[in-house]
Amino acid sequence: MIRFDSVTKTYPGQSRPALNDIGVEILRGEFVFLVGASGSGKSSFLRLILKEEKPSKGKIHVLGQDLGSISSRKVPYFRRHLGVVFQDFRLLPNKNVYENVAFTLRVIGKSRGFIQSAVPETLKLVGLDGKGKRMPHELSGGEQQRVAIARAIVNKPQILLADEPTGNLDPVTSAGIMTLLERINAGGTTVVMATHEAGIVDEMQRRVIELSAGDIVRDERSAGYGAALREPGDDETAEPIVAAEPMTSAAPKVNAEVMREAPPLYVEPEERDEVTDAAAAITAAATASVPITRADGDDADAEGAGRTGTKKTATAASPHLTLAERLGLRAPGGPREGDDDQEVGPTK
Ligand SMILES: Nc1ncnc2c1ncn2[C@@H]1O[C@H](COP(=O)(O)OP(=O)(O)OP(=O)(O)O)[C@@H](O)[C@H]1O
């Protein structure tokens, strides 16, 4: 799905390469964390996949295509298969939520009918049902990131690239975003996420590719953040994202067994679709169920805690449920007809 063959990237005017003779393959459906110190090459890695940058040496294949052979004219078509999410959301400030998500579809010439069904469905999937008319500044940080994710997945990309998607969010809101990315991945979309969040990586135990000064120094199937990357005293900090209860209560630990058991979430929605209704409800519940106490003692919902720099503490943990239970994936009556159809990230 994504293959780097001896890829070196040296930016103009730099003596040291940002990526140095990288060879790696990411398979369809994987969830991969890219970790490494600041400047180790994570964003460069993602930009190369997007063909925003060209390798100085080596070859990159994405979705079976040699990126070196895609002409500039065809790059926008290639990018339709990729969704991208950034740390700073990058929403259009003068457009409402609906228009932010519809915008790309309009640009690529999707029909009005397609847009009118795809946008509300996607907003529902990310837990923003009914918020289409809000302007970005009227949303919490977590909600803004959900809009950005909706925009990234509305055209059903096969690959979702996320560069520090939780970097501006507090731990509980981050957990809600990770639950959403997990579900998108469970629907078949390959996810590659660059992050500094040790807690998230430790909690999710997915494939970890660690970069150090442009070299891959670790590539493990199911791993944590890595001792070498932790700042001194990290383990003792007051608000570690994985510190068991807050992270666990907002986004239950997802292990391979749970993921295997979970049927694809992104079935084609119907007018009243139990699975998508449950998904939207649980998306909200994944964060909102954890009461947050503001420094001044008021309760606030978890999404409201998403604004950068807001100091909040998660309290009471909800009873432990499996991910499948929390996502409403164990619908009465077993698997639904059509569950093989994935709305996001076709793997066919
Ligand atoms: N456009 C550019 N021009 C010149 N040098 C660049 C450019 N972009 C990145 N670099 C350099 O390439 C190296 C890798 O940067 P990159 O942004 O890929 O690292 P990163 O791991 O994503 O860092 P961070 O975690 O801080 O985002 C750094 O030394 C950086 O200064």
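Whatever order the structure lists them in is the order used to number ligands and atoms, beginning at 1. We number each residue from 1, following the sequence as shown.
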Apply the test ring pair (Phe, Tyr, Trp, His ring centres under 6.0 Å) to residues F45 and F4: give CA-CA distance (whole Å), side-chain angles for both, the deciding distance (0.1 Å), then the verdict. CA-CA 9 Å; F45 188 96; F4 280 49; 4.3 Å; yes
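Here's the thing with R47: one of its N/O atoms is less than 3.5 angstrom from an N/O atom of ligand 1. No N or O atom of E53 sits closer than 3.5 Å to an N or O atom of ligand 1.
The part of H196 lying near ligand 1 is the side chain, judged by heavy-atom distances below 4.0 Å. Within the 4.0 Å heavy-atom criterion, the part of Q14 lying near ligand 1 is the side chain and not the backbone.
The presence of a protein heavy atom under 4.0 Å from atom 20 (P) of ligand 1 is confirmed. Inside a 4.0 Å radius of atom 30 (C) of ligand 1 there is not any protein heavy atom.
Taking every heavy atom of K42 and a limit of under 4.0 angstrom, the matching atoms of ligand 1 come to 18 (O), 19 (O), 20 (P), 21 (O), 22 (O), 23 (O), 24 (P), 25 (O). Every atom of ligand 1 is numbered from 1 in the order shown, and the set under 4.0 Å from a heavy atom of A37 is 21 (O).
For atom 24 (P) of ligand 1, the closest non-hydrogen atom of the protein is S38 OG, 3.6 Å. If you check which protein heavy atom lies closest to atom 18 (O) of ligand 1, you get S44 OG, 2.6 Å.
The pair R206-E182 meets the salt-bridge criterion, since a charged nitrogen lies less than 4.0 angstrom from a carboxylate oxygen.
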